[in-house]
Each structure stands twice: as structure tokens, then as C-alpha cells.
Amino acid sequence: MILTPALFGSLFGLIFAGVPLAFALGTVAIVVGFVEWGPMALHLLSGHIKGAIFNNTLVSIPFFMFMASILSKCGIADSLYRAIHMLFGPLRGGLAVGTVLACTLIAAMSGVSAVGVMAMGTLALPAMLSRGYDRKMSMGTILAGGALGQLIPPSVLGIVYSGLANVSIGQIFLAGVVPGLLLAALFIIYVLVRCFFDKNAGPALSVEERAAIGWRERIDSLVGIIPAILLVLAVLGAMFLGIAGPTEAAAVGALGSMVLAWTRGSLNFRMVKAASNETLKATTMIVWIALSSLMFVSVYAGIGGDKLVQSLLVDMNIPPVAVLSIMMVIIFVLGTVMDPVGIIFLTTPIFVPIITQLGYSPLYYGALLIINLEMSYLTPPFGYNLFYLKSVVPPDVTMREIYSSTPPFIALQALGLVICAAFPFIITWLPNLVFGT
């Protein structure tokens, strides 16, 4: 009981001192392991993390991230936003609605939030602000819409969770589709209701601007994004239909993204080099966090921490839904100070056995986990999307404004989490339909 607060207290002390999460986790694990078991601790820890190094599921992550990087650099986001701008601009709040839809489609092309936030922060935010849109609503739609990349396949968080929880990656991908669309619908409904009662929050395009957009321009803009959508559907469809495994499908997607960039005349060595560097940095970060988290969890389990958590949550004879709620609160609190990938590696080995013992499906819990972690990308002070957006917004947009734009959308994400928790078929319907389980 004493070691648990000491272990986590040391971890959070290092994090708040500015030590990167991977090194904080690893340092605490090695020090506590050495104190408990002596030099033998290093041998024991290396044995525990060996399995993670040879986890074939995680190999698909760099391919998906490379595909996302190439697609973002070849101008697909620009074409996508232009098409949606033409379709929804005449509607009051239409640019914000179009931004959410664009982020939803970008999420299906990337699997990460950075691409949607930075692309729409560059393209959509200036367009909305120049037309008098409410600043906080405009930024909030970009922040929340970009976070959909963590849930809608190919979700990197889904890949990480599937490898740890021994859940089919195809199932966890499909489990995120309907919840992802539900969250997008909640964001759109909020924008439309807000603009219905406050016409100045999202003015429609002027009569002159609408007259300048003909049907030919709209059709041409839509045709331009069809190849990218077909590529994503082909990659995900190959996995869902069992034609290819996740790694093979991701590799084909990476190659297909370069072919698509070539057909658009934008593929060059500089683009491939930049995409490769971005992929290397992101993948290296994930691997370091993964190994350090597994060491930390191994030490915690070795001192009996997992049994302590199980006794606190299971043996207290509280309803299973209360246990699930406590887990969600813990994950939300961790999300305010820790990296989402680290949270998955840290909590999954401890929580999934408890969830299974309570009768919940790891697939159901995994979807709730990722929806919950979406909130961490918007939650001050360390939400990633907040800093992604700040890096591309005009200089007059302050960090305080970005922070203040998030509460309505965090509340909507929480509402989506509650709806999915209360109605599990939202999560399980599509995986059951495709896989017949």
C-alpha cells in the first residue's frame, strides 16, 4: 500500500519537473526495481519488454503515419477543405460544419490528430475569422474535429491498444467508426444550434460569394478528393475483409499515398525525406514510451500493485458500472498530465483483466478508453491539440483564447462517452456485423 503512492508520486514528481514521460517512467521503474530485487531487476525487466519489441501489430504504426504525412503534404487537405467550403459555405455556421466534416475525413486518412488540427488551423481558421465567425467556436471545432483522428480508423491509439489487450485490430478499428461519427454529429449539432440562436456566431457566405460558386466548380472540387478517399477505403477494406493484415495493408497505403502524390505532381525527394523524418520521430517516441511503460507496469505488478488495484475495485462489492466509471475518471485525470500512448501502456495491463472479470468486453472498454483519451488532446494545460493549433494560428490568437475555446467541446466529448457507455451496441454493432461475433 505504501509503495503505490511512492511509485506514482515519484513518477508525477519527475513529470512536473519537466522530465519527458518515457524517461520518467523508465527511471522510476529501474530505481524501484533495483531497490526491490537488486541487479537481477534489469534482467527481469528486459525479459518483460522483449515481447513488446516483437509485437507485429505495432509495426503498422510507422506505415500509417507515413501515409498520413504524405497525404497532408501533397495538398489533399487543401482540396478537401475547398470542396467542403463550396458545399456548406452558404449555410449559417457552414464553414464550421465543413471544418468538422473535413477533420472527420482527414481522421480516416491519418489516424492522428495533428494532421487535422494543423491543416484546418492553416486553411479553415483564417477563412472563418475573416468572415466574422466566433473565435472560440472556430478554434473549438478545429481542436475537437482534429481529435477524431484518435478514434476513427486507422487510429494509432487503437493499434496500440489492440496489441496490448489482444483484441483484433480490425474489430477495434470498426468499434471506433460509429462513436467517431456520433461525436462529429454532436459537434455539428452544437454549431448549428449555436448559430441558429446567434446569427453573428457563424455568418453564411454573402450573396456575391455564393453566386460565384457554380455547380461545375463544386463537382470538380469533389472529384479531386475521390482518389484519396478510395485509397483509405481500400486500405481499411483490405483489413476488414481479411485480404491483408494490418501491417501489409498499412504498407500498401504508404506506397499508395506516394503514388497519389505523384499523380498530383507534388511527389519529390524533399517530401519523402520530410515525411520519413516525421514518421521516425513519432514512432521512436511511441516505442520509448511503450518500453518504459511496460517496465513501470512490470515493477508495479512485481510489488503486488495490480492485485492491490484489483482488490480495491473488485472486492469492494460496488456495481460494475461504478468500477468502470472510476476507471474512466482515473484515465481522464491521467490525460491532463500524461501522453495518451503512455496511459494506454500503463493502464491496459492492469484494467483489462478487471474489466474482463466484471463481464465487460475488452473491445467495449477499448473504445471507451480511446473516446476518453480524445478529451486529453483538448484538456489544458498539456493537451497536444492546443499546441498544434497554436503553432499555425495568426499571432493575435493567444494561448488563453485557445484554452477557453475547449470547454463546450470537452463537454460534448464527455456526453459522447456517456452515450456510448450507456448503449454498448453503438460500439459493438459494426464489429459484430463485419466479423459475425
Side-chain angles (χ1 to χ4, degrees), residues 72 75-107 113-149 183-184 186-213 217-218 221 225 377-380 383-413:
S72 67
I76 286 295
D78 192 0
S79 300
L80 179 61
Y81 184 70
R82 185 169 61 252
I84 292 179
H85 174 232
M86 291 183 180
L87 290 175
F88 293 94
L91 179 69
R92 188 185 296 176
L95 294 185
V97 170
T99 298
V100 174
L101 292 175
C103 286
T104 303
L105 292 173
I106 291 173
S113 64
V115 177
V117 173
M118 298 182 74
M120 291 301 102
T122 303
L123 300 170
L125 187 60
M128 287 190 281
L129 296 182
S130 67
R131 288 169 172 81
Y133 272 59
D134 180 85
R135 292 168 70 90
K136 293 180 181 179
M137 184 185 75
S138 302
M139 290 184 284
T141 54
I142 295 171
L143 293 167
L148 293 172
L183 287 175
L186 290 175
F187 301 152
I188 290 172
I189 291 170
Y190 168 77
V191 169
L192 293 176
V193 171
R194 172 86 183 272
C195 293
F196 177 80
F197 288 104
D198 181 6
K199 64 180 181 180
N200 295 321
L205 295 181
S206 65
V207 176
E208 293 77 11
E209 288 177 310
R210 279 179 277 179
I213 302 175
E217 288 81 4
R218 296 177 184 178
S221 64
I225 63 174
Y377 282 82
L378 274 66
T379 308
Y384 281 141
N385 284 7
L386 307 174
F387 298 99
Y388 292 149
L389 184 60
K390 178 58 180 173
S391 69
V392 296
V393 295
D396 64 313
V397 178
T398 65
M399 201 68 203
R400 181 184 294 272
E401 283 186 293
I402 295 176
Y403 280 165
S404 63
S405 69
T406 61
F409 293 92
I410 294 175
L412 291 170
Q413 290 173 321

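Heavy atoms only: backbone and side chains are in, while hydrogens, waters and symmetry mates are out. Heads up: numbering here begins at 1 and tracks the sequence.
- Nearest heavy atom pair, residue V191 against residue G93, reads CG1-O, 3.7 Å.
- Shown here is F387, whose CZ atom has more than 12 heavy atoms of other residues, nucleotides or ligands within 6.0 Å.
- Atom CG in L378 sits 11.0 Å away from atom CD1 in I402 (nearest 0.5 Å).
- At least one side-chain heavy atom of L386 sits under 4.5 Å from a side-chain heavy atom of L143.
- Using a 4.5 Å cut-off on side-chain heavy atoms (C-beta onward), Q413 and T379 make no contact.
- The CG atom of L123 sits 11.5 Å away from atom CE of M118, with the distance rounded to the nearest 0.5 Å.
- Across all non-hydrogen atoms, the minimal contact from L148 to F187 is CD2-CE1, 4.2 Å.
- The distance from the CG atom of L95 to the CZ atom of R131 is 6.0 Å, given to the nearest 0.5 Å.
- Here D134 contributes atom CG and L129 contributes atom CG; the two are 9.5 Å apart, rounded to the nearest 0.5 Å.
- The closest side-chain heavy-atom distance from V100 to T104 is below 4.5 Å.
- Taking 4.5 Å as the limit, some side-chain heavy atom of C195 sits within range of a side-chain heavy atom of M137.
- Going from atom CD1 of I106 over to atom CG of L101 covers 11.0 Å, rounded to the nearest 0.5 Å.
- For an aromatic pair to be called close, the ring centres must be under 6.0 Å apart, and F409 with Y190 satisfies this.
- Smallest separation of non-hydrogen atoms from I142 and V117: CG2-O, 3.6 Å.
- In K390, the NZ atom is crowded: over 12 heavy atoms of neighbouring residues, nucleotides or ligands sit closer than 6.0 Å.
- Between L192 and L91, some side-chain heavy-atom pair lies under the 4.5 Å cut-off.
- Side-chain N or O atoms of Y388 include none that pairs as donor or acceptor with a backbone N or O of G146 at under 3.5 Å.
- Closest non-hydrogen pair, T141 versus S138, comes out as OG1-O, 2.7 Å.
- Contact record, M120 with A102: SD-CB, 3.8 Å, taken as the closest heavy-atom pair.
- Here the CG-CZ distance, from N200 to R92, works out to 8.5 Å after rounding to the nearest 0.5 Å.
- Across all their heavy atoms, V393 and L125 have their closest contact at CG1-CD2, 3.4 Å.
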